[in-house]
J.: 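Got a structure for you, written out below as structure tokens; questions coming shortly.
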Amino acid sequence: QVQLVESGGGLVQAGGSLRLSCAASGRTSSAMGWFRQAPGKEREFVGAINWSGGSTYYADSVRGRFTISRDNAKNTVYLQMNSLKPEDTAVYYCAKGNFSTDLAAQYRTRTAYDVWGQGTQVTVSS
């Protein structure tokens, strides 16, 4: 049973940076994704990375500002968040994929992930 724990969230001013970490208990070769949810809104896709780290996927709203990476030796995935905006404020969740296809659409689909962390709050002030 894989468990995920996010860390690194907090309060930051617009234009600042944060790095989120997601540590997995046990080893997995699964794809990993980051999602976020703001109050009153649906949980939305942020970014994802395949098992080897060779392919990444991003939502249009964060492309060029956020970078996802992973260190399989440490069983950890990261989300580097630069040039943060107030609209990035949300609870950020990491998740483990449960799909074998390498189609890009699968990485962006919430229901394709079967294990979720508890979430970490990111608040960007103006």
Side-chain angles (χ1 to χ4, degrees):
Q1 176 63 45
V2 174
Q3 295 183 341
L4 307 176
V5 179
E6 301 98 332
S7 62
L11 175 64
V12 65
Q13 288 188 320
S17 298
L18 287 172
R19 189 180 75 162
L20 306 183
S21 298
C22 175
S25 63
R27 296 299 179 95
T28 177
S29 60
S30 300
M32 298 291 293
W34 286 96
F35 291 75
R36 67 187 182 186
Q37 188 165 23
K41 294 187 176 181
E42 183 179 340
R43 191 169 300 186
E44 67 176 358
F45 171 79
V46 176
I49 189 166
N50 74 339
W51 70 269
S52 70
S55 298
T56 56
Y57 308 87
Y58 298 97
D60 290 343
S61 59
V62 307
R63 186 175 291 109
R65 299 187 298 121
F66 292 8
T67 303
I68 190 170
S69 62
R70 69 190 300 166
D71 186 339
N72 286 342
K74 297 181 178 179
N75 220 23
T76 301
V77 63
Y78 305 95
L79 184 67
Q80 179 66 48
M81 309 165 67
N82 298 327
S83 301
L84 283 162
K85 305 174 181 179
E87 48 264 48
D88 294 318
T89 295
V91 177
Y92 284 71
Y93 300 88
C94 66
K96 182 186 76 68
N98 186 33
F99 51 92
S100 58
T101 181
D102 205 24
L103 294 175
Q106 289 294 307
Y107 290 88
R108 300 174 180 271
T109 303
R110 186 175 65 246
T111 56
Y113 297 83
D114 65 349
V115 181
W116 295 80
Q118 82 288 350
T120 185
Q121 177 71 49
V122 172
T123 302
V124 184
S125 65
S126 60

J.: Can you say whether the rings of Tyr113 and Phe35 are parallel (under 30°), tilted (30 to 60°) or perpendicular (over 60°)?
T.: perpendicular

J.: Please report the shortest heavy-atom distance between Arg63 and Arg108, naming the atom on each side.
T.: NH2-NH2, 3.6 Å

J.: Evaluate the side-chain proximity of Ser61 to Arg36: yes if any heavy-atom separation is below 4.5 Å, no if none is.
T.: yes

J.: Determine whether Tyr107 and Phe99 satisfy the following criterion, ring pair (Phe, Tyr, Trp, His ring centres under 6.0 Å), listing intermediate values before the conclusion.
T.: CA-CA 9 Å; Tyr107 290 88; Phe99 51 92; 5.0 Å; yes

J.: Do the non-hydrogen side-chain atoms of Thr67 and Tyr78 ever get within less than 4.5 Å of each other?
T.: no

J.: Do Val5 and Val2 share a hydrophobic cluster (ILVMFWY, side-chain heavy atoms under 4.5 Å, transitive)?
T.: no

J.: Would you say that Met81 contacts Trp34 through its side chain, given a criterion of any heavy-atom pair below 4.5 Å between the two side chains?
T.: no

J.: Please determine whether salt bridge (Lys or Arg N to Asp or Glu O under 4.0 Å) holds for the pair Asp88 and Lys85, giving the CA-CA distance in whole Å, both sets of side-chain angles, and the decisive distance to 0.1 Å.
T.: CA-CA 5 Å; Asp88 294 318; Lys85 305 174 181 179; over 6 Å; no

J.: Rounded to the nearest 0.5 Å, what separates atom SG in Cys22 from atom CH2 in Trp116?
T.: 11.0 Å

J.: Roughly how far, to the nearest 0.5 Å, is the CD atom of Gln13 from the CG atom of Leu84?
T.: 11.5 Å

J.: Looking only at heavy atoms, which two atoms of Gly9 and Val122 are closest? And how far apart?
T.: CA-CG2, 4.1 Å

J.: Taking the side chain as every heavy atom from C-beta outward, state whether Tyr93 and Leu4 have any atom pair closer than 4.5 Å.
T.: no

